[in-house]
Amino acid sequence: MAPLYGALRKLRSRNILQFPCISCCRSLASVTKSHKTPPLLYHANKKISHLIRIGRLSEARALFDSMNQRNTVTWNSMMSGYVHRREIAKARQLFDEMPQRDIVSWNLIISGYFSCRGSRYIEEGRKLFDEMQERDCVSWNTVISGYAKNGRMKEALKLFDAMPEPNVVSSNALITGFLLNGDVDSAVESFRRIPVRDSASFNALISGLVRNGELNVAAKILHECGEGDDGKDDLVAAYNTLIAGYGQKGMVEEARCLFDEIPDYQGEDGNKSERRFRRNVVSWNSMMMCYVKTGDIVSARELFDRMTERDTCTWNTMISGYVQVSDMEEASKLFIEMPSPDALSWNSIISGYSQNGDLGLAKDFFLRMPNKNLISWNSVIAGYEKNEDYNGAIELFSQMQLEGERPDRHTLSSVLSVCAGLVDLYLGKQIHQFITKIVLPDMPINNSLITMYSRCGAIADACIVFNEMKLYKDVITWNAMIGGYAFHGLGSEALELFKVMQRLKIHPTYITFISVLNACAHAGLVEEGRRQFSSMIKDYGIKPRIEHFASLVDILARQGQLQEALDVIKSMPFKPDKAVWGALLGGCRVHNKVEFAQLAAEALIRLEPESSAPYVLLYNMYANLGQWDDAERVRVLMEKNNVKKQTGYSWVDS
DNA sequence: GTAGGGTTAG
């Protein structure tokens with residue numbers, strides 16, 4: 001008896017056998033039945049399911065239509081193709097047309113309805129379930145998991161209690177459902193109530209806990225897993241999930257501890273050990289990803305080199321690691337070396353070159369890529385936008401639509417930034433219209449809209465978007481609006497909004513303070529500016545960047561406090577850049593402080609010898625003061641340095 | 001042919 005019991009346990013843990021239930025007997029019956037199927041029909045059925053598996057649905061349908069003999073399996077296979085594609089109407093049509101239905105037909109159509117979004121479909125699925133004459137445990141599991149996946153736990157639990165024989169699959173579905181709703185306690189309780197847990201029980205619980213940020217609970221459960229768990233010898237997937245979860249939070253050390261806990265058995269001659277709980281390729285990939293996420297490319301590479309078995313994901317992770325640290329040479333080396341690059345590999349390389357400013361290579365790879373997808377288009381469009389080749393971005397955007405690729409929120413967000421860069425309000429409004437037609441504007445999209453409108457001079461439209469966001473705002477939203485006000489010289493509005501933000505206890509970022517300081521400059525508030533500058537450091541622990549110093553210099557210089565501004569420049573821990581000297585020079589012009597102007601202009605000329613602006617400014621100042629000798633000296637210097645005066649241009653589109 | 005779950009790109 002004992003060996004038989006052991007064999008049963010082994011089968012169970014491999015998901016071949018579960019709780020005793022009708023479906024097992026039924027599936028055995030259908031196996032024997034398939035032997036009676038005429039060979040031609042049997043092969044045609046196999047062909048249909050193969051075509052569906054590789055995603056060639058229309059070919060499968062053509063074959064289905066051409067068959068002069070079909071059995072229930074034929075109809076069911078065809079139906080499953082539509083169910084997978086969420087084409088529920090077509091699946092339903094087959095269901096209604098088929099001459100004979102078995103339990104699988106019913107289960108299929110019900111699962112189809114439950115995997116469609118919208119309560120309409122769920123009700124229809126439920127109606128069919130209620131109409132069933134005979135149900136097996138798959139029917140129950142389908143409906144329970146259907147409710148759970150849609151977050152409707154009340155109905156799921158009711159059915160769970162009503163089912164004739166509870167089984168581990170439905171319990172697992174409940175766990176997933178609870179965690180989808182963030183109900184950690186109920187999930188853990190359901191888990192504890194399962195008499196014999198399998199590996200999917202652990203996976204469902206651990207992955208849900210990780211998604212809810214409950215890493216400590218997950219680790220505890222994983223370590224206390226006990227006797228009576230069929231899944232306990234196959235916990236590697238759950239370990240992998242938690243490793244990845246730690247990686248997401250940057251907790252590399254915890255991840256490494258877990259990784260080291262998984263045995264790395266390799267039998268003699270490098271053969272894989274019989275033991276099932278051992279590191280697999282996903283464990284290595286996940287651990288590598290942790291290092292990649294924290295920018296520790298050396299440790300990631302170390303693991304990569306130690307791996308005896310690599311899959312596409314391994315290569316892609318390593319490539320994306322090099323992309324992140326801008327080592328495109330190594331990234332493309334791996335890309336060439338890897339056995340069969342997939343869409344993800346191509347896209348990593350494309351976005352890598354895009355982000356690192358090599359648009360030519362990005363487009364080269366993009367054009368050579370065999371099956372471009374939405375992400376490929378988005379990567380290359382974002383690259384053009386980031387590198388300020390706005391017209392190139394727009395060209396790609398229209399090209400993409402000509403080729404039948406539908407833009408999504410990522411595309412549209414990039415295109416909005418393009419409109420902002422081009423200062424093209426007309427185009428921006430068109431894109432806004434387009435957006436409302438095809439996606440629900442979410443936070444990132446709304447944020448891009450605010451930036452676009454304010455950069456294009458339509459501050460009122462920016463306000464409308466901002467106010468429509470009501471409760472759903474993040475720091476970026478606030479930064480965009482405050483920055484918009486500051487950009488338009490509406491200093492007091494910007495400061496007022498900043499106060500509201502502080503009252504709501506939203507933590508500002510360094511970007512917020514760039515806008516706040518700019519607002520102070522525009523509003524002529526010297527004391528307020530100094531106060532905000534030190535509040536940034538003291539109250540919020542934000543280290544001032546050179547942009548903040550530039551703003552502070554701007555604030556002081558505009559008010560004619562040029563000596564104070566110069567003191568700031570001398571005391572700051574950065575080498576003053578164009579913006580800093582530019583701010584000083586701007587103040588000098590307004591207040592006719594020629595001695596400071598000379599200092600600032602000379603510094604600017606050293607930084608950018610080809611720019612005519614500082615020469616012109618200095619020349620005009622001397623001229624205004626009647627110091628014609630000095631003015632002439634500037635003009636000669638300009639000629640000597642071969643600088644041409646550029647014709648002015650306005651950057652505001654009418 | 002139907003039910004529960006792990007890693008990578010914009």
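Sequence lines set the chain letters: A, B, ... in the order given, protein chains first and strands last, and positions in each chain run from 1.
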Practice task
Report which part of the nucleic acid Q248(A) touches: base, sugar-phosphate, or nothing (heavy-atom distance under 4.0 Å, all strands).
Solution key: sugar-phosphate

Practice task
Ignoring hydrogens and angles, answer whether the base of dG10(B) and the side-chain atoms of D408(A) contain a donor-acceptor pair closer than 3.5 Å.
Solution key: yes

Exercise for the section: Return yes if the base of dG6(B) and the side-chain atoms of N280(A) contain a donor-acceptor N/O pair under 3.5 Å, otherwise no. Expected result: yes

Problem - Nucleotide nearest S379(A) (side chain, heavy atoms from C-beta), chosen from dG5(B), dT7(B), dG10(B) - result: dG10(B)

Exercise for the section: Tell me, please, whether F114(A) has K149(A) positioned over its six-membered ring: NZ or CZ under 6.0 Å from the ring centre and within 45 degrees of its axis? Expected result: no

Handout entry: The single option from Y113(A), F95(A), F129(A) passing ring-ring contact (aromatic ring centres under 6.0 Å, His included) against W106(A)
Key = F95(A)

Practice task
Mind checking H50(A) for me? I need base, sugar-phosphate or nothing, with any heavy atom below 4.0 Å counting as a touch.
Solution key: nothing

Exercise for the section: Strictly below 4.0 Å, heavy-atom distances to any atom of DNA chain B: list the hits from residues 106-114 of chain A, or just say none. Expected result: N107(A), L108(A)

Practice task
Remember a base hit wins even if backbone is also touched, and classify R409(A) as base, sugar-phosphate or nothing at under 4.0 Å, heavy atoms.
Solution key: nothing

Fill in the blank from the handout: Taken in chain and number order and not counting sequence neighbours, the residues that satisfy salt bridge (charged side-chain N to carboxylate O under 4.0 Å, His left out) with E155(A) are R152(A)

Practice task
Report which part of the nucleic acid L374(A) touches: base, sugar-phosphate, or nothing (heavy-atom distance under 4.0 Å, all strands).
Solution key: base

Exercise for the section: Please work out if K149(A) contacts a base, only the sugar-phosphate, or nothing of the nucleic acid, heavy-atom cut-off 4.0 Å. Expected result: sugar-phosphate

Practice task
Using a cut-off of strictly less than 4.0 Å, decide whether Q324(A) has a side-chain nitrogen or oxygen near OP1 or OP2 of dG10(B).
Solution key: no

Practice task
Starting at atom CG of N203(A), determine the distance to atom P of dG5(B), rounded to an integer number of angstrom.
Solution key: 9 Å

Exercise for the section: Report yes if the distance between the aromatic ring centroids of F304(A) and W284(A) is under 6.0 Å, otherwise no. Expected result: no

Handout entry: Near-ring test F202(A)/F191(A), centroid separation under 6.0 angstrom
Key = yes

Problem - Gap between atom OG of S398(A) and atom CD of E403(A) - 0.5 Å precision - result: 10.5 Å

